[in-house]
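So that the names make sense, note that chain A is the first sequence line, chain B the second, and so on, each numbered from 1.
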There are 2 protein chains.
Amino acid sequence: MRSNSLFKGSLTTIILTLLEQNEMMYGYEITQKVKEIANDLKITEGALYPALHKLEGDSLLTASFKKVGNRTRKYYKLTENGKTESVNRLNDLKDFVEQMQLILNTKLTTQ
Amino acid sequence: MRSNSLFKGSLTTIILTLLEQNEMMYGYEITQKVKEIANDLKITEGALYPALHKLEGDSLLTASFKKVGNRTRKYYKLTENGKTESVNRLNDLKDFVEQMQLILNTKLTTQ
DNA sequence: TTTAATACCTAAGCGTTTTAGGTATATTTG
DNA sequence: CAAATATACCTAAAACGCTTAGGTATTAAA
């Protein structure tokens, strides 16, 4: 992507969906996973950690600390509300893409 | 859409693309056009007018006033830079959708 | 004649992200 | 072995883009 950033508002969708796929993840792991599968979408820690804290505050995620060697990881998983919200977010994104296609009068994917 | 809003950053893409399709448009016309073809994407005037002013300031659009009866409309059209940026923005959006599909591991459109 | 639609605009506030740091442990490399 | 890089968490100021909530004025509809 020319512009360095992802479209604002999509970070939460990414987090929730990754946690739907993986059951338990810690913050740094999420940044690496995104880098691995979608190299153009840089998610920065400055955005990620506040987003995780907000999702936890909204009871969409729960957190638990796990010690690995001498280092502590904070693992997150979806709550029931989080699972529901994850589905909603995905639908929002699908709707957005469809509406954009109507306006742009072109398909947004080749697949 | 559940959430009332569009993904942040997409408004500029919408404006530029509509002006690619229509040559000349005024602000209010843009709001109505979007409402007409994508009823779920509400673009508000409070967002639109500052966005138009910024695009004009960045020399992607030029503006000219036209009197229609006793009422003045401010018509915008793309500059050469604007045409280039319009293409870039569309490519950015396409890239974004493709990268999101990789992360979500699902297609975002049925078409 | 009041309301709704057309047509422009601004400004405060809000939420999300960027930018730019900070701490500490573990591993790699020169 | 020392220094650099990677892992792992975090915060805070600032920028950014949008929402919300106004404002003015003209024209059309109820």
**Request:** Check whether any side-chain N or O of Arg71(A) sits under 4.0 Å from OP1 or OP2 of dA26(C), and answer yes or no.
**Result:** no
**Asked** Between Phe96(A) and Phe7(B), how do the two ring planes meet: parallel, tilted or perpendicular, split at 30° and 60°?
**Response** tilted
**Request:** Please state whether the phosphate of dC9(D), meaning OP1 or OP2, lies under 4.0 angstrom from any side-chain nitrogen or oxygen of His53(A).
**Result:** no
**Item:** Below 4.0 Å: OP1/OP2 of dC8(C) and any side-chain N or O of Tyr49(B)
**Value:** yes
**Request:** Please check if Val87(B) and Leu11(B) belong to a single hydrophobic cluster, counting links between Ile, Leu, Val, Met, Phe, Trp and Tyr side chain heavy atoms closer than 4.5 Å.
**Result:** no
**Asked** Taking the side chain of Arg73(A) as heavy atoms from C-beta outward, which of dT17(C), dC9(D), dT10(C) is closest to it?
**Response** dC9(D)
**Passing option when Ile103(A) is tested against Thr13(B), Thr17(B), Leu18(B), Ile43(B) for side-chain contact (heavy atoms from CB on, under 4.5 Å)** = Leu18(B)
**Request:** Please work out which residues in residues 15-35 of chain B have a non-hydrogen atom less than 4.0 Å from an atom of DNA chain C and list them by number.
**Result:** Tyr26(B), Gly27(B), Tyr28(B), Gln32(B)
**Prompt:** Does the side chain of Leu60(B) come within less than 4.5 Å of Lys54(B)'s, by heavy atoms?
**Reply:** no
**Prompt:** How close or far is atom C1' of dT11(D) from atom CG of Leu48(A), stated in whole angstroms?
**Reply:** 14 Å
**Fill in**
To the nearest angstrom, the NZ-C1' distance between Lys74(B) and dT6(C) comes to 17 Å
**Complete:** Contacts of Val68(A) and Leu52(B) projected onto DNA chain C by closest heavy atom; the upstream (5') one is Leu52(B)
**Message:** Rounded to whole Å, please give me the gap between CD in Glu56(B) and P in dC8(C).
**Reply:** 12 Å
**Item:** Length of the line joining Glu45(B):CD and dA21(D):C1', which is rounded to integer Å
**Value:** 13 Å
**Message:** Does Lys77(A), at its NZ atom, have more than 12 non-hydrogen atoms belonging to other residues, nucleotides or ligands within less than 6.0 Å?
**Reply:** no
**Item:** Within 6.0 angstrom of Lys74(B) NZ, more than 12 heavy atoms from elsewhere
**Value:** yes
**Asked** Would you say a side-chain N or O of Lys54(B) is under 4.0 Å from OP1 or OP2 of dC16(D)?
**Response** no
**Closest nucleotide among dG17(D), dT25(C), dT18(C) to the Lys8(B) side chain** = dG17(D)
**Request:** Indicate whether OP1 or OP2 belonging to dT18(C) is found under 4.0 Å from a side-chain N or O atom of Lys42(A).
**Result:** no
**Message:** Please report the distance, rounded to the nearest Å, between NZ in Lys66(A) and P in dA8(D).
**Reply:** 14 Å
**Request:** Whole angstrom is fine here: how far is it from CG in Asn70(B) over to C1' in dA5(C)?
**Result:** 16 Å
**Message:** When you compare the side chain of Asp40(B) with that of Asp95(A), does any pair of heavy atoms fall below 4.5 Å?
**Reply:** no
**Message:** Tell me the interatomic distance from Leu11(A), atom CG, to dG15(C), atom C1', rounded to whole angstroms.
**Reply:** 13 Å
